[in-house]
Amino acid sequence: MSKTVKIEELAGEVMKGLTEYSKLATSDMKKAVRKAGNEVRSEIQANAPKDTGAYAKSWAVKKMKESSEKLEVVVHSKNRYQLAHLLEYGHALRGGGRAKAKPHIAPAEEHGVEGFENAIERALKG
């Protein structure tokens with residue numbers, strides 16, 4: 001849809017268009033952040049070592065900060081962060097030797113970053 005604009009009003013119209021684009025892009029970014037956080041949590045839960053299942057169920061996505069321009073989320077294990085580190089990287093055993101590492105957080109994070117970048121590209125292309 002085209003519109004005739006006087007030269008004196010051009011700067012205002014350009015700013016109006018950029019503001020509208022900015023709002024749409026910000027909305028798309030926030031959606032991509034939420035989706036990436038949920039996908040990372042789901043992948044960690046699916047690939048987490050299963051003993052009782054409590055560890056896998058303990059993962060959550062928490063909104064840290066949100067403003068009109070940004071959204072920050074964190075994926076974390078509620079009350080089990082020490083266990084997450086020991087399982088991800090392995091640990092020394094009491095009787096000697098070492099428990100094998102079971103990486104399940106880092107691969108989920110990598111997939112989350114890829115998915116987030118792809119979602120941003122799709123959103124900005126239109």
Side-chain angles (χ1 to χ4, degrees):
M1 179 167 117
S2 65
K3 176 177 166 182
T4 304
V5 177
K6 294 181 183 177
I7 193 74
E8 304 86 40
E9 300 169 350
L10 183 60
E13 289 296 319
V14 169
M15 283 306 297
K16 183 179 171 184
L18 289 173
T19 301
E20 288 175 18
Y21 178 77
S22 172
K23 287 179 183 177
L24 288 172
T26 300
S27 173
D28 288 341
M29 296 301 159
K30 287 183 177 183
K31 287 177 188 173
V33 168
R34 285 186 186 95
K35 183 178 178 187
N38 289 326
E39 287 176 354
V40 168
R41 182 197 63 215
S42 296
E43 187 172 338
I44 290 173
Q45 287 176 331
N47 297 324
K50 308 242 186 324
D51 187 17
T52 64
Y55 172 72
K57 291 177 188 173
S58 73
W59 287 91
V61 179
K62 181 178 179 182
K63 179 171 55 173
M64 297 302 286
K65 293 180 187 175
E66 184 171 13
S67 68
S68 60
E69 294 96 25
K70 73 178 189 176
L71 171 65
E72 292 179 23
V73 298
V74 65
V75 179
H76 66 100
S77 178
K78 299 178 277 186
N79 302 321
R80 292 183 167 8
Y81 60 91
Q82 298 98 336
L83 181 58
H85 180 83
L86 294 174
L87 290 171
E88 183 77 5
Y89 298 106
H91 56 90
L93 298 172
R94 273 191 277 189
R98 193 145 180 90
K100 185 177 177 186
K102 299 175 182 173
H104 56 288
I105 301 169
E109 180 184 11
E110 289 174 16
H111 292 138
V113 168
E114 281 179 25
F116 178 67
E117 289 172 351
N118 292 336
I120 289 172
E121 287 177 12
R122 283 192 306 273
L124 293 179
K125 285 182 181 176

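All heavy atoms count here, side chains included; hydrogens, waters and symmetry mates do not.
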Do the side chain of K100 and the main chain of R98 share a donor and acceptor less than 3.5 angstrom apart? no
Where do [X] and [Y] come nearest, in terms of heavy atoms and distance?
X	Y	value
K57	Q45	O-NE2, 4.1 Å
A54	R80	CB-NH2, 3.2 Å
G37	V75	O-CG2, 3.6 Å
T26	S68	CG2-O, 3.2 Å
S67	K30	O-NZ, 2.6 Å

Quick one: [atom1] on [X] to [atom2] on [Y], what's the gap to the nearest 0.5 Å?
X	Y	atom1	atom2	answer
E13	T4	CD	OG1	11.0 Å
N79	S77	CG	OG	8.0 Å
L71	M29	CG	CE	12.0 Å
I105	N47	CD1	CG	11.0 Å

Please check if L10 and M15 belong to a single hydrophobic cluster, counting links between Ile, Leu, Val, Met, Phe, Trp and Tyr side chain heavy atoms closer than 4.5 Å. yes
Linking I/L/V/M/F/W/Y whenever their side-chain heavy atoms sit closer than 4.5 Å, directly or via other members, would L83 and I44 fall into one cluster? yes
Got a sec, which pairs hit side-chain hydrogen bond (donor to acceptor under 3.5 Å, both in side chains) with one end in residues 101-111, sequence neighbours left out? E43-H111, Y55-H104, E88-H104
In terms of side-chain geometry, is the basic nitrogen of E66 or R34 positioned less than 4.0 Å from the acidic oxygen of its partner? yes
Do [X] and [Y] have side chains that get closer than 4.5 Å, going by heavy atoms?
X	Y	answer
V40	F116	no
E39	K35	yes
H91	L93	yes
Q82	H85	no

